[in-house]
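Comments concern the structure below.
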Amino acid sequence: MRTSQFPLQTVKETPSEAEVASHQLMLRAGMIRKLASGLYTWLPLGLRVLRKVEGIVRDEMNRAGALELLMPAVQPAELWLESGRWEKYGPELLRLNDRHQREFCFGPTHEEIITDLARNELQSYKQLPVNYYQIQTKFRDEIRPRFGVMRAREFLMKDAYSFHASQDSLQQTYDQMYATYSRIFERCGLMFRAVQADTGSIGGNASHEFHVLADSGEDAIAFSTASDYAANLELAEALVPAGERPAPAAEMKTVDTPEQHSIDEVSTFLNTDPSSCLKTLIVHGTEEESLVALVLRGDHELNPIKAEKLEMVAEPLTMATDEEIKSAIGCSVGSIGPVDINIPLIADRSAAAVADFICGANKDGKHYTGVNWERDLPAPQTADLRNVQEGDPSPDGKGSITIARGIEVGHIFQLGQRYSEAMNATILDENGRAQVMTMGCYGIGVSRVVAAAIEQNHDEKGIIWPAAIAPFQVALLPMKLNKSHRVQEAVEQLYNELQDAGIDVLLDDRDVRPGFMFADMELTGIPHRIVVGERGLDEGTVEYRGRRETENSMIAIDQIVSVLRERLSNDTT
RNA sequence: CGGAGCGUAGCGCAGCUUGGUAGCGCACCACAAUGGGGUUGUGGGGGUCGAAGGUUCGAAUCCUUUCGCUCCGACCA
């Protein structure tokens with residue numbers, strides 16, 4: 001391809017709307033343009049990358065024996081009513097009416113459609129297992145679209161759904177998809193981790209998320225230093241602290257703590273450590289107008305997912321308002337404590353293991369010190385309520401926790417019979433009896449992978465593509481193209497040779513100054529660059545530089561194609 | 001949806017407080033010079049100032065309404 005035929009729509013200035021690196025760079029490099037909130041046009045340069053990711057995904061899915069199909073993006077309401085999700089899915093579902101006022105939605109996912117297909121197409125256990133997939137545009141009316149195509153409303157997704165006669169069979173396909181996903185992200189040249197995940201609203205048994213590791217990622221992931229344990233922070237268990245709670249050593253006293261509200265303020269004021277303070281959070285309970293007190297160690301953070309799984313606690317988790325707290329407990333937020341509190345109380349397991357602690361006295365401006373469970377107040381009901389922290393023991397008993405950030409690009413689920421049962425998707429088993437099928441589902445955010453790749457691989461000059469998904473593998477830059485016949489001849493010949501070698505090459509034949517070309521090629525992230533100029537030609541060489549390198553190397557012009565071919569084959573493995 | 005902010009040329013912004021010819025940089029077009037890290041000069045094209053209504057002799061500017069977008073909190077590939 002030549003830049004004269006493939007214009008680079010690059011811009012020097014960063015559009016003000018873009019917050020994160022990938023969004024800024026995708027706009028600046030001319031990969032995408034925004035049409036409206038959460039809606040993007042993929043320009044030719046961006047589409048080349050999207051198609052390459054898509055190609056890898058398709059290739060690996062096919063290799064795993066999955067069958068590609070294509071379902072409609074617009075779906076009739078009936079099926080969603082049948083599964084119960086027409087009500088449940090809420091405002092994120094874009095609903096439409098046709099000219100006859102029949103109700104439809106634009107598909108945010110396709111469980112209903114595929115289950116409907118399966119119940120019609122599949123009659124016998126002999127047809128199982130099957131794994132159908134598609135690569136298709138989805139729409140989710142996100143509350144807050146953000147970060148360009150990272151969290152767009154319309155996005156490209158690969159979604160797969162498998163059907164089984166047994167849990168064993170599901171487990172086999174699940175394991176195979178786990179391996180397939182690993183291969184896909186490896187081939188994309190990305191650093192990623194598979195982590196245990198919450199099954200969330202979709203429900204089901206096992207679930208893993210695949211995260212591209214990047215400091216700007218929205219999710220926190222807990223890893224073990226000594227094993228392959230990895231879990232979403234939402235899910236990672238904080239273990240019961242080892243050892244007995246120390247015996248009380250101090251007298252319980254009331255102290256004045258004027259204007260000291262936060263744990264930091266109180267612990268600094270009393271010259272102690274946050275870990276010896278307990279904080280008490282008041283949340284709404286399941287019962288009408290009821291409140292529940294959650295007690296955590298001062299240096300720990302509440303995990304809302306864990307909290308809202310408690311029977312007593314309302315889902316979704318909401319904090320009580322200042323007024324509710326004032327009227328129920330009689331003090332303001334900064335002075336609440338577990339002693340003599342008049343609402344149900346649940347303590348985090350770590351908080352229950354602290355002796356001689358400091359806590360609010362349920363009177364403004366007062367705290368207690370030297371408080372002890374069982375002596376000064378009853379031993380609490382306990383639960384795992386907190387986020388794990390760096391340095392906590394790993395839940396699998398091996399090593400300790402480190403925390404990294406990631407971007408969720410894939411998610412695999414064992415759905416079980418959630419949809420097949422609701423929609424009566426059955427097959428006949430060996431005994432001729434109807435049996436509800438067991439399902440799995442497997443998603444990859446194809447357009448998000450593109451953004452995540454940039455988030456993980458960029459520098460101050462621009463994008464640095466992994467070779468397998470780069471829009472072009474090699475940039476060919478002639479110096480003084482319009483002034484030098486020698487350069488012209490050499491570069492044309494090289495261009496043809498590279499193309500004949502099956503290399504994706506972009507020849508910059510614009511009449512622009514070299515600095516302009518360099519800047520554009522670096523911004524658009526083309527991994528390999530060749531400069532052809534008079535200087536080199538005198539010696540029979542061209543200049544080569546990899547996108548991550550800072551120095552040129554001179555390579556004989558008759559060697560360059562084989563050198564490149566070798567580097568590219570190393571890149572893609 | 002709640003809170004904050006912004007809408008002026010394709011992009012980045014000034015002008016608004018104190019009403020009076022709509023500006024700057026980048027990009028774009030033409031010519032010339034330049035030609036190995038976003039070069040320079042000269043000349044040029046492009047804006048119903050988000051929209052509607054009001055106040056006024058006169059509104060980008062003041063008032064009201066409305067739409068859109070971005071950011072901070074609850075969803076997910």
Side-chain angles (χ1 to χ4, degrees), chain A residues 8-20 23-24 27-28 30 33-39 53 57 89-93 108-110 135-160 181 197-198 200-202 207 209-212 218-219 232 234 304-305 308 315-319 406-413 441-452 461-462 477-484 487 510-523 529 531-536 543 545 550 552:
Chain A
L8 298 172
Q9 309 283 353
T10 55
V11 285
K12 219 191 288 186
E13 277 164 306
T14 303
S16 58
E17 72 191 46
E19 201 70 4
V20 295
H23 188 195
Q24 293 175 347
L27 288 167
R28 286 190 52 207
R33 292 287 181 254
K34 185 177 75 174
L35 177 65
S37 176
L39 302 178
V53 175
V57 171
Y89 212 93
E92 212 176 298
L93 186 64
T109 175
H110 278 67
I135 298 174
Q136 189 221 29
T137 298
K138 300 278 190 274
F139 189 95
R140 295 181 188 173
D141 202 350
E142 295 275 353
I143 298 162
R144 189 145 88 84
R146 247 188 298 198
F147 307 150
V149 299
M150 188 91 85
R151 181 183 297 278
R153 293 194 291 176
E154 189 176 300
F155 61 100
L156 190 66
M157 179 173 171
K158 186 284 297 175
D159 48 328
Y181 274 37
D198 187 48
S201 55
I202 302 181
S207 167
E209 291 169 353
F210 286 76
H211 286 260
V212 167
E218 286 193 270
D219 287 291
N232 197 305
E234 292 171 355
I305 308 278
E308 70 188 20
E315 192 182 348
L317 183 81
T318 45
M319 304 300 287
I407 300 164
E408 186 189 352
V409 290
H411 202 160
I412 59 178
F413 268 96
C441 77
Y442 321 92
I444 290 180
V446 178
S447 42
R448 184 181 279 181
V449 169
V450 176
K461 291 174 179 166
L477 308 185
M479 297 293 104
K480 299 187 209 167
L481 181 65
N482 298 329
K483 292 277 162 66
S484 164
V487 169
R510 295 175 295 182
D511 183 19
V512 294
R513 299 171 71 92
F516 213 96
M517 292 184 188
F518 295 148
D520 266 357
M521 296 305 143
E522 281 157 354
L523 175 59
R529 175 176 97 187
V531 173
V532 180
E534 296 250 342
R535 283 185 204 165
E543 291 158 33
R545 190 192 295 192
T550 52
N552 291 331

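In what follows, chains are A, B, ... by sequence order, proteins preceding strands, each numbered from 1. All values reported here derive from a predicted model rather than from experimental measurement.
Using a 4.0 Å heavy-atom criterion, one finds that A:Asp520 contacts the bases of the nucleic acid, with or without backbone contacts as well. Using a 4.0 Å heavy-atom cutoff across all strands shown, A:Arg28 reaches at least one base atom of the nucleic acid.
Counting only heavy atoms from C-beta on, A:Lys34 has its side chain closest to B:C69 among B:C71, B:C69, B:A77. In the set B:A77, B:G38, B:G37, the nucleotide with an atom closest to the side chain of A:Phe518 is B:G37. Nearest to the side-chain atoms of A:Arg151 among the listed nucleotides B:G38, B:U70, B:C76 stands B:C76. Comparing atom distances between the A:Asp511 side chain and each of B:G35, B:C26, B:C76 picks out B:G35 as nearest. Nearest to the side-chain atoms of A:Arg535 among the listed nucleotides B:G36, B:G35, B:G73 stands B:G36. The side chain of A:Arg513 lies closest to B:U34, out of B:A77, B:U34, B:C72. Of the candidates B:G36, B:A77, B:G73, B:G73 carries the atom nearest the A:Arg144 side chain, counting heavy atoms from C-beta on. Of all nucleotides listed (B:C71, B:C26, B:C75), B:C71 comes nearest to the side chain of A:Glu19.
The phosphate of B:C75 (OP1 or OP2) has no side-chain N or O of A:Arg140 nearer than 4.0 angstrom. In this model, the phosphate group of B:A77 is not approached by any side-chain N or O of A:Ser447 to a distance below 4.0 Å at OP1 or OP2.
With sequence neighbours excluded, the residues that form a salt bridge (charged side-chain N to carboxylate O under 4.0 Å, His left out) with A:Glu17 are A:Lys34. Taking A:Glu308 as the reference, nothing meets the salt bridge (charged side-chain N to carboxylate O under 4.0 Å, His left out) condition, with sequence neighbours excluded. Partners of A:Phe518 by ring-ring contact (aromatic ring centres under 6.0 Å, His included), not counting sequence neighbours: none found. Applying the salt bridge (charged side-chain N to carboxylate O under 4.0 Å, His left out) test to A:Glu522 and every residue at least two apart in sequence or in another chain returns A:Arg529. With sequence neighbours excluded, the residues satisfying ring-ring contact (aromatic ring centres under 6.0 Å, His included) with A:Tyr181 are A:Phe210.
Note on A:Glu19 versus A:Arg146: no salt bridge recorded, every NZ/NE/NH1/NH2 to OD/OE distance being 4.0 Å or above.
Atom P of nucleotide B:C75 and atom CZ of A:Phe147 are separated by 15 Å, given to the nearest angstrom.
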Treat primed atoms plus P, OP1 and OP2 as sugar-phosphate and everything else as base, then score nucleotides 7-15 of chain B 5' to 3': B for base contact with protein heavy atoms under 4.0 Å, S for sugar-phosphate contact only, - for none. ----BSS--
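Pair assignment for B:G25: B:C11, on the basis of Watson-Crick or G-U wobble contacts that are both within less than 3.5 Å.
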